[in-house]
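The block underneath contains the structure these notes are about, expressed in structure tokens.
Quantities reported herein were computed from a predicted structural model and do not represent experimental measurements. Letters A, B, ... mirror the listed sequences (proteins, then strands); counts begin at 1.
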There are 2 protein chains.
Amino acid sequence: MGTTQLESVPEPKYWHLKTVLSEALDSEFAVGEILPNERDLAARFGVARATLRQALEQLELEGRLQRRRGVGTTVAPPRMGVSVGSEQHAWPGGPHDAWHAVDCRLEVPPAALAETLVTATDEAVHIVRRSRVSRGQPVASELLYIPSASVPDLSGIDAPSGAARARAVLRELQRLELERQENAVELGSAGADAAKELDRLPGAPVLVVTTRHIARGRTAALSVATYRADTCRLTFGDSGGVEIHHGPERQAS
Amino acid sequence: MGTTQLESVPEPKYWHLKTVLSEALDSEFAVGEILPNERDLAARFGVARATLRQALEQLELEGRLQRRRGVGTTVAPPRMGVSVGSEQHAWPGGPHDAWHAVDCRLEVPPAALAETLVTATDEAVHIVRRSRVSRGQPVASELLYIPSASVPDLSGIDAPSGAARARAVLRELQRLELERQENAVELGSAGADAAKELDRLPGAPVLVVTTRHIARGRTAALSVATYRADTCRLTFGDSGGVEIHHGPERQAS
DNA sequence: GAGTGGTCTAGACCACGGA
DNA sequence: CCGTGGTCTAGACCACTCC
């Protein structure tokens, strides 16, 4: 009879909160604007701070907010499109490359990668570290694993390490004819090292792009790049990609 | 002097916990095995349940664990590679398509998409809903936005709605010559609708793949597909992709 | 009904950034 | 120094699955 169970599945408070905040973000806040602090917001909505934080966490995951300890919570700009696959059939370090080399070491790679690299599990490879900056902020950090076999002629390279050597190794790589590359994307969380480089806390969500560069039928190089998931939209294929907006976007004055 | 500040930056408990658990997962547990419940684990490690949960959350985000209410926490199998870009230059619904059509509606798309679709903001388009299953479990849910202009000859289609109509619309789409497609990947969280279809709770992390299908220089169709981020590794380009393992993988008996 | 993970509370202290 | 977000605690109750 009459007792129709409206809200028989009551949605969690944090979920409702997220919705309310999301709408407020669209209509009442400008990009870059600072939100009230968490204690105030929690009080205003009549919930515990932990609950409020659960909602903020989701919004940050979706790239709507940016939180920084000691500073506050700000409205994030729309994610930037970062091209990943358009350098199709191009070696790392080639012209128009968005990366810049940091350093280069000669080390034994993690056992998990040896299989893909088709090297012995105890064979050292060149590991080039690179970083990528877009619109003034770091967006990705990469480790490039290059078996010695891919860059046979490294004599005459004076720099024993550092950025200069990294560039030299990449230059050597260009001499191989690139057949194709295979990309994979998955969700991960930033390790302590990558976190520092991306200016995030450890554990921050990242998109891990694994690229296998294939030349002469063999894996000539393996790249593992971690992109900030909060600020980046990865674009594959041809051009800059699709523009999606959540709602009205204004700029903080 | 002498008081060298070891652990001047003490790592958070949950972070340390995550590391310990991660190693235990590699060495002491088999895929599919059920972990002790959260209260026991928390007690065993001498932390509050909330802290233990923070560690489990991270491991689930990384695809190492799977948690189900009323059941328990199990060790997840390695992520499955799901091909996304290899159907390059193929329309949705073509042969070897991993999707299966669910239904089709004629509706006005969200304003955020109208711009990309190059339609008037109040113009209705065909919205085909599809789902994708891999290894027996749902991995993705998709909404395909197809302007009427892309499928001009829909007369003679008897089915007014449902899966039959969806297939008919896709069949019509095949007649256009596909120029190219542009893909973008970003992190999102599952809405209530997608969550149900993916057998996850709302807010679960998903990888949103936006694909713009271009024919005759215009956007002929726009696809927004949400993949389960915990179980999927998206592969772009040629073949099945790169295999990465965390450590020893065993199978539950 | 028993046991699981999911939500929520009301506190506390800590680490960091900026004035 | 203060105010911010980040971590942590010790409880409570709820929703779900399975027996």
The single option from Arg68(B), Arg228(B), Arg67(B) that satisfies salt bridge (charged side-chain N to carboxylate O under 4.0 Å, His left out) with Glu60(B) is Arg67(B)

Selection: residues 188-202 of chain A, any non-hydrogen atom under 4.0 Å of DNA chain D: Leu201(A)

Could you tell me whether the phosphate oxygens of dC8(C), OP1 or OP2, come under 4.0 Å of any side-chain nitrogen or oxygen in Tyr14(A)? no

Tabulate atom names and distances for all N/O pairs under 3.5 angstrom spanning the protein and nucleotides 1-3 of chain D.
{"unit_1": "dG3(D)", "atom_1": "N2", "unit_2": "Gly70(A)", "atom_2": "O", "d": "3.2"}

Show the nearest heavy-atom pair for residues Leu187(B) and Val206(B), with the distance to one decimal. CD1-O, 3.4 Å

Measure from CH2 on Trp15(A) to C1' on dC8(C) and round the result to the nearest Å. 17 Å

To the nearest angstrom, the CD-P distance between Gln58(B) and dC8(D) comes to 11 Å

Regarding Arg200(B) and Asp230(B), does a basic nitrogen lie under 4.0 Å from an acidic carboxylate oxygen? yes

Test side-chain contact (heavy atoms from CB on, under 4.5 Å) applied to Lys18(B) and Gln54(B), step by step: CA-CA 9 Å; Lys18(B) 181 194 138 184; Gln54(B) 206 170 344; over 6 Å; no

Rounded to the nearest 0.5 Å, how far apart are CD of Glu186(B) and CZ of Arg79(A)? 4.5 Å

Checking Glu33(B) side chain against Ala30(B) main chain: does a donor-acceptor pair fall under 3.5 Å? yes

Could you report the tightest heavy-atom contact between Ala166(B) and Val128(B), atom names first, then the distance? CB-CG1, 3.9 Å

Where along residues 48-56 of chain A does a heavy atom fall under 4.0 Å from DNA chain C? Ala48(A), Arg49(A), Ala50(A), Thr51(A), Gln54(A)

All side chain to side chain contact (heavy atoms under 4.5 Å, CB included) counterparts of Ile34(B), not counting sequence neighbours: Thr74(B)

Tell me which one of Val185(B), Val208(B), Val84(B) satisfies side-chain contact (heavy atoms from CB on, under 4.5 Å) with Tyr227(B). Val84(B)

Give the rounded distance in Å between these two atoms: CD of Glu38(B) and C1' of dT9(D). 16 Å

Might you point out which heavy atoms bring Asp199(A) and Pro138(A) nearest each other, and give the distance in Å? CB-CG, 4.4 Å

Rounded to whole Å, the CG-C1' distance (Leu35(B) to dG3(C)) equals 16 Å

Five-pair end axes of the helix from dG1(C)-dC18(D) to dG18(C)-dC1(D), angle between them (10°): 20°

Tell me the closest heavy-atom pair linking Ala225(B) and Trp99(B), and the distance in Å. CB-CH2, 4.0 Å

Starting at CD of Gln66(B) and ending at P of dT17(D), how long is that distance when rounded to a whole Å? 14 Å

So does Arg64(B) pair up with Asp26(B), basic N to acidic O under 4.0 Å? yes

Does the distance from a Lys or Arg side-chain N to an Asp or Glu carboxylate O, for Glu142(A) and Arg132(A), drop under 4.0 Å? no

With a 4.0 Å limit, can you tell me whether Thr73(B) has a side-chain N or O closer than that to the phosphate oxygens OP1/OP2 of dT4(C)? no

Phosphate contact (dT17(D) OP1 or OP2) by Arg68(B) side-chain N/O below 4.0 Å: no

From CD1 of Ile34(B) across to C1' of dG5(C) the rounded distance in Å is 13 Å

Atom CZ of Arg39(B) and atom C1' of dT4(C): how far apart are they, to the nearest Å? 7 Å

Partners meeting salt bridge (Lys or Arg N to Asp or Glu O under 4.0 Å) with Arg105(A) (sequence neighbours left out): Glu107(A)

Between Glu11(B) (CD) and dC8(D) (C1'), how many Å, whole number? 15 Å

